[in-house]
Enquirer: 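Structure below; questions to follow.
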Amino acid sequence: MALALRSAAALLAFLLAGTQTHAESLSERRAAKEKVEIIEVEVACGKLDKENCAIVVPEIDAKTASKGVRLKPLESKGSVESLNGLCDGDVMVAVVQADVLAARVGKPNCTGKVVALGPPVYPYEGFVVVRAETREDKFGDMIDNLKPGTVLRVAAGGSGSGGELTLRNILANAPEWKQTIDIQPDGSATALNKLRDRQLDAFFVMDGPQSPLLQEVRETVDLKTKQRVFKFVDIRPSAKLLGVQFNGRGLYATATIEAGWFSAIKSISTPAVIAIRDDFYKSQPAVAAKIRQSTEDALPAIAIRAGARPDWRQDFDRP
């Protein structure tokens, strides 16, 4: 009898131990079954505090994370450097200006290597910043009113930025301006300081409608007069630039950057797009598809956070 009791107790302990060791819920079992490998993709996106890195990549990543793809912002000097990195295979994905992409994919060492993925993401807009006391309200008038033998000193962003490329495209379509513009490679902080100290006449930058830089420009006031130090001037695209197309859409559009009681300051605009290495797109079609779908899903949130109109993409639709 004692032996039988001991045997029964041992059997019960074994069964209990087995139950405790292998206990799991249906949810746990299904989660283990559906567990997927996390793939991390670096995305070149410019300065970490700008829209590309601070808004676009995080909003898309919030959608791809549940699909097993994590997007990691990778700081660059701007769209030009990001595209160079894509063409050279140093990075697989980037958020860049569409006009920089259009120019770069036509170069011999990049032809066939990079493609646009999905729809335009948000609008880059051109901002010409000048001192507030500047009489002119249009960039063209600033050039026309130059004294004989003088040039207009314009900073267009540091090396690797897209601002210089866009400005050079504007000048290429206005040859009468080309000989009177001295483009200087100063980044935003240096450019604003030089502009304040009259070492520059203007600073041209391609940026999102509500970037930290533009907020700084709007909010900088003179400590004595309490008046704005800087203002924006008009630099809208020519009819020829408005006729250029890329991937079935207009490459440029006209944007209103400041509206007043009797007039509005208008400027040039080009979309931000997702660019991807073609070999990565072909070797990782599932990953590319997840990034594309997540980008489309994130568009409303990106537009709100970037300060763009909900229907801004219509500006680039062409008949």
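This is a predicted model, so every value here is computed, not measured. When a residue number appears, it is its place in the shown sequence, counting from 1.
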Enquirer: Is a side-chain N or O of Ser82 found less than 3.5 angstrom from the main chain of Val96, in a donor-acceptor match?
Expert: no
Enquirer: Testing the basics here: between Ala288 and Ile276, what is the closest heavy-atom pair and its distance to 0.1 Å?
Expert: CB-CD1, 4.1 Å
Enquirer: Can you check whether Gly46's main-chain N or O pairs, donor with acceptor, with Ser76's side chain at less than 3.5 Å?
Expert: yes
Enquirer: Taking it one step at a time, do Lys282 and Asp278 satisfy salt bridge (charged side-chain N to carboxylate O under 4.0 Å, His left out)?
Expert: CA-CA 6 Å; Lys282 291 176 179 177; Asp278 187 61; 3.0 Å; yes
Enquirer: Could you check whether any side-chain heavy atom of Val273 comes within less than 4.5 Å of a side-chain heavy atom of Val95, counting everything from C-beta outward?
Expert: no
Enquirer: Are Val100 and Met206 packed together at the side-chain level, in the sense that at least one heavy-atom pair is separated by less than 4.5 angstrom?
Expert: no
Enquirer: Hydrophobic clusters here meaning ILVMFWY residues chained together by side-chain heavy-atom distances under 4.5 Å, can you tell me if Met92 and Ile291 are in one?
Expert: yes
Enquirer: The test is side chain to side chain donor-acceptor pair (under 3.5 Å); show your working for Asn145 and Arg135 and say whether it passes.
Expert: CA-CA 10 Å; Asn145 293 336; Arg135 291 177 302 167; over 6 Å; no
Enquirer: So with a 6.0 Å cut-off around NZ of Lys113, is the heavy-atom count from everything else above 12?
Expert: yes
Enquirer: Which donor-acceptor pairs under 3.5 Å do side chains of residues 114-128 form with protein atoms, sequence neighbours excluded?
Expert:
| residue | atom | partner | partner atom | Å |
| --- | --- | --- | --- | --- |
| Tyr122 | OH | Asn52 | OD1 | 3.0 |
| Tyr124 | OH | Asn52 | ND2 | 2.6 |

Enquirer: Under 4.5 Å between side-chain heavy atoms, counting indirect links through other Ile/Leu/Val/Met/Phe/Trp/Tyr residues: same cluster for Val69 and Tyr281 or not?
Expert: yes
Enquirer: Supply the atom-to-atom distance Ile265 CD1 to Thr256 OG1, rounded to the nearest 0.5 angstrom.
Expert: 10.0 Å
Enquirer: Hey, does the side chain of Thr134 reach the backbone of Arg131 with a donor-acceptor pair shorter than 3.5 angstrom?
Expert: yes
Enquirer: To the nearest 0.5 Å, what is the distance between OG on Ser79 and CZ on Arg104?
Expert: 12.5 Å
Enquirer: Considering non-hydrogen atoms only, spot the tightest contact between Val43 and Ala94 and give its length.
Expert: CG1-CA, 3.9 Å
Enquirer: Answer yes or no: is there an ion pair linking Arg153 with Asp201, defined by an N-O contact shorter than 4.0 Å?
Expert: yes
Enquirer: Any chance CZ of Phe232 has more than 12 other-residue heavy atoms, nucleotides or ligands included, within less than 6.0 Å?
Expert: yes
Enquirer: If I compare all heavy atoms of Val229 with all of Asp222, which pair ends up nearest, and what's the gap?
Expert: CG2-N, 3.5 Å
Enquirer: Any heavy-atom pair between the side chains of Leu251 and Phe316 that's under 4.5 Å?
Expert: no
Enquirer: What distance do Leu101 atom CG and Asn247 atom CG have between them, rounded to the nearest 0.5 Å?
Expert: 7.0 Å
Enquirer: Taking atom CD of Glu133 and atom CD of Gln227, what is their separation to the nearest 0.5 Å?
Expert: 11.5 Å
Enquirer: State, without any angle test, whether Asp207 and Ser211 hold a side-chain donor-acceptor pair at a distance under 3.5 Å.
Expert: yes
Enquirer: Just jot down the salt bridge (Lys or Arg N to Asp or Glu O under 4.0 Å) partners of Arg196, sequence neighbours excluded, or say none.
Expert: none
Enquirer: Using a 3.5 Å distance criterion without hydrogens, assess whether the side chain of Thr64 forms a donor-acceptor pair with backbone atoms of Lys67.
Expert: no
Enquirer: For Lys290, does its backbone N or O pair with a side-chain atom of Ser294 as donor and acceptor, under 3.5 Å?
Expert: yes
Enquirer: Once you round to the nearest 0.5 Å, how far does CD1 of Ile55 lie from CD1 of Ile304?
Expert: 11.0 Å
Enquirer: Report yes or no: do Ile170 and Leu200 belong to one cluster of Ile/Leu/Val/Met/Phe/Trp/Tyr joined by side chain heavy-atom distances under 4.5 Å?
Expert: no
Enquirer: Would you say the side chain of Arg218 lies within less than 4.5 Å of the side chain of Leu214, judging by non-hydrogen atoms?
Expert: yes
Enquirer: Can Leu171 be reached from Val129 by stepping across I, L, V, M, F, W or Y side chains whose heavy atoms are under 4.5 Å apart?
Expert: no
Enquirer: Please evaluate residues Gln184 and Val154 with respect to the criterion side chain to side chain contact (heavy atoms under 4.5 Å, CB included), reporting the C-alpha separation (whole Å), side-chain torsions for both, the decisive distance (0.1 Å), and the verdict.
Expert: CA-CA 6 Å; Gln184 301 187 19; Val154 183; over 6 Å; no
Enquirer: Supply the atom-to-atom distance Thr270 OG1 to Asp99 CG, rounded to the nearest 0.5 angstrom.
Expert: 4.0 Å
Enquirer: So does Asp279 pair up with Arg277, basic N to acidic O under 4.0 Å?
Expert: yes
Enquirer: In this structure, would Ile257 and Leu195 fall into the same cluster of hydrophobic residues linked by side-chain contacts under 4.5 Å?
Expert: yes
Enquirer: Strictly below 4.0 Å, N to O, side chains only: are Arg70 and Glu42 in salt-bridge contact?
Expert: no
Enquirer: With side chain to side chain contact (heavy atoms under 4.5 Å, CB included) as the test, would you mind laying out the steps for Ile39 and Val41 before giving the verdict?
Expert: CA-CA 7 Å; Ile39 298 175; Val41 179; 4.2 Å; yes
Enquirer: Between Phe204 and Thr166, is a side chain to side chain contact (heavy atoms under 4.5 Å, CB included) present by the stated rule, with each step listed?
Expert: CA-CA 9 Å; Phe204 178 79; Thr166 304; 4.1 Å; yes
Enquirer: Where do Arg305 and Gln210 come nearest, in terms of heavy atoms and distance?
Expert: O-OE1, 4.4 Å
Enquirer: Please walk me through it: do Glu296 and Lys63 pass salt bridge (charged side-chain N to carboxylate O under 4.0 Å, His left out)?
Expert: CA-CA 10 Å; Glu296 293 179 1; Lys63 306 292 184 183; over 6 Å; no
Enquirer: After noting the C-alpha distance and the side-chain angles of Met142 and Lys138, does the key distance pass the side chain to side chain contact (heavy atoms under 4.5 Å, CB included) rule?
Expert: CA-CA 7 Å; Met142 292 179 67; Lys138 295 182 179 180; over 6 Å; no
Enquirer: For the backbone of Lys77 and the side chain of Glu81, can you confirm whether one donor and one acceptor N or O come within less than 3.5 Å of each other?
Expert: yes
Enquirer: Side-chain contact, heavy-atom cut-off 4.5 Å: Ile143 with Ile181?
Expert: yes
Enquirer: Under a 4.0 Å threshold between the charged nitrogen and the carboxylate oxygen, would Arg168 count as salt-bridged to Glu164?
Expert: yes
Enquirer: For Pro73 versus Cys45, what's the shortest heavy-atom pair and its separation?
Expert: CB-SG, 3.8 Å
Enquirer: Check whether any side-chain N or O of Ser269 sits under 3.5 Å from a backbone N or O of Ala253 as a donor-acceptor pair, and report yes or no.
Expert: no
Enquirer: Is the backbone N or O of Ala189 less than 3.5 Å from a side-chain atom of Asn193, with the two atoms forming a donor-acceptor pair by type?
Expert: yes
Enquirer: Mind checking whether Leu213 and Lys47 have side chains closer than 4.5 Å, heavy atoms only?
Expert: no
Enquirer: What I want to find out is whether Arg236 reaches Asp234 closely enough, with some N-O distance under 4.0 Å, to be called a salt bridge.
Expert: yes
Enquirer: What's the shortest heavy-atom distance between Pro175 and Asn173, and which atoms?
Expert: CD-C, 3.5 Å
Enquirer: In the structure I gave you, are the side-chain heavy atoms of Lys231 and Val130 within less than 4.5 Å of one another anywhere?
Expert: yes
Enquirer: Does the side chain of Glu59 reach to within under 4.5 Å of the side chain of Leu299, using non-hydrogen atoms?
Expert: no
Enquirer: What I want to check is whether the side chains of Thr254 and Lys266 have a donor and an acceptor closer together than 3.5 Å.
Expert: no
